[in-house]
Colleague: 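Below are the structure tokens for one structure; questions will follow.
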Amino acid sequence: MNFKKLAALLVAVPVGLAGCVGVGPNATYSMGTTSFNYDPSYNPYMIELNGYTIGGGFGKSTMVSPIKVGLQKVVWGESNSYKMHEAKNQLVISKEQLKGKKYLALHIYPDDTVEVTTSDSLPDPTEKGMKWREQLRNNK
């Protein structure tokens, strides 16, 4: 093997492996995912994070999904209509949020903003979301 090919190989192999192990700006992690919707007027379905379906059922349904570091696109539908939603806020997930964690929960708030939490065990609803949900139930 000539020197140029060997040098190219020594550079290409570590760079190729870096993408597989979660190193670099486009790292992808496989984790358990679920979601929480705090609007009691509907159940969400087809909850997608960057085109991949994630679990739901107010944290009762989980699945393993690929999670990319960086800017996220979140969309979901309503169970009782054909209305589709897209997150109104910009959601960015950092490597630090995902590193060493087993679960990611997407929290969908009634104003169509979203938030992510990560944990080592099954996630819980947020205090913010539970207060909002209770307020909406009391206003009916």
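The residues of the chain are indexed from 1 along the displayed sequence. Side-chain atoms are counted along with the backbone in the values below, which use heavy atoms only and exclude waters and symmetry mates.
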Colleague: Output yes when a side-chain donor or acceptor of D39 lies under 3.5 Å from a complementary backbone atom of D111, and no otherwise.
Modeller: no
Colleague: Looking only at atom types and distance, does a side-chain atom of S65 sit under 3.5 Å from a main-chain N or O of T53, one as donor and one as acceptor?
Modeller: yes
Colleague: Are the side chains of F36 and I108 in touch, meaning some heavy atoms are under 4.5 Å apart?
Modeller: no
Colleague: Do H107 and K128 come within less than 4.5 Å of each other through their side chains, counting heavy atoms only?
Modeller: no
Colleague: Within a strict 4.5 Å, meaning less than it, do heavy atoms of the M63 and S61 side chains meet?
Modeller: no
Colleague: Find out whether the Lys NZ or Arg CZ of R133 is both under 6.0 angstrom from the six-membered ring centre of F58 and within 45° of the ring's axis.
Modeller: yes
Colleague: Quick one: pull up CG in N139 and CD in E134 and give me the separation to the nearest 0.5 Å.
Modeller: 10.0 Å
Colleague: Rounded at 0.5 Å granularity, tell me how far NZ in K99 sits from OG in S94.
Modeller: 11.0 Å
Colleague: Which atom pair, heavy atoms only, marks the closest approach of G55 to I47?
Modeller: O-CD1, 4.4 Å
Colleague: Can you tell me how far the CG atom of L49 sits from the CD atom of Q72, to the nearest 0.5 Å?
Modeller: 4.5 Å
Colleague: Looking at every heavy atom in both G59 and T34, which two are closest together, and how far apart are they?
Modeller: CA-OG1, 3.1 Å
Colleague: Determine whether a donor-acceptor pair (N or O, by modelled atom type, separation under 3.5 Å) exists between the side chain of T118 and the backbone of Q97.
Modeller: yes
Colleague: Determine whether W76 and V114 make a side-chain contact, defined as any pair of heavy atoms from C-beta on separated by less than 4.5 Å.
Modeller: yes
Colleague: Can T126 and Y109 be counted as having a side-chain donor-acceptor contact under 3.5 angstrom?
Modeller: yes
Colleague: So if you build clusters from Ile, Leu, Val, Met, Phe, Trp, Tyr with side-chain heavy-atom gaps below 4.5 Å, do W132 and L91 land together?
Modeller: no
Colleague: In terms of hydrophobic clustering (I, L, V, M, F, W, Y; side-chain heavy atoms under 4.5 Å; direct or indirect links), are V75 and I67 co-clustered?
Modeller: no
Colleague: Which heavy atom in D120 sits nearest to a heavy atom in K102, and how many Å separate them?
Modeller: O-CD, 3.5 Å
Colleague: Nearest 0.5 angstrom please: N50 CG to E48 CD, how far?
Modeller: 9.5 Å
Colleague: Around atom OH of Y45, are there more than 12 heavy atoms of other residues, nucleotides or ligands at under 6.0 Å?
Modeller: yes
Colleague: How long is the gap from OG on S119 to OH on Y103, to the nearest 0.5 Å?
Modeller: 8.0 Å
Colleague: Counting C-beta onward and ignoring hydrogens, is there a side-chain heavy-atom pair between L104 and I93 closer than 4.5 Å?
Modeller: yes
Colleague: Do you know the tightest heavy-atom contact between K83 and H85?
Modeller: CE-CE1, 3.6 Å
Colleague: Any heavy-atom pair between the side chains of L106 and T33 that's under 4.5 Å?
Modeller: no
Colleague: Please examine the side chains of P110 and Y38, heavy atoms only from C-beta on, and report whether any two atoms are closer than 4.5 Å.
Modeller: yes
Colleague: Using every non-hydrogen atom in the two residues, find where Y42 and G77 come nearest and quote the distance to one decimal.
Modeller: CE1-O, 4.2 Å
Colleague: Decide yes or no for M31 and K101: does some side-chain heavy atom of the first lie under 4.5 Å from some side-chain heavy atom of the second?
Modeller: yes
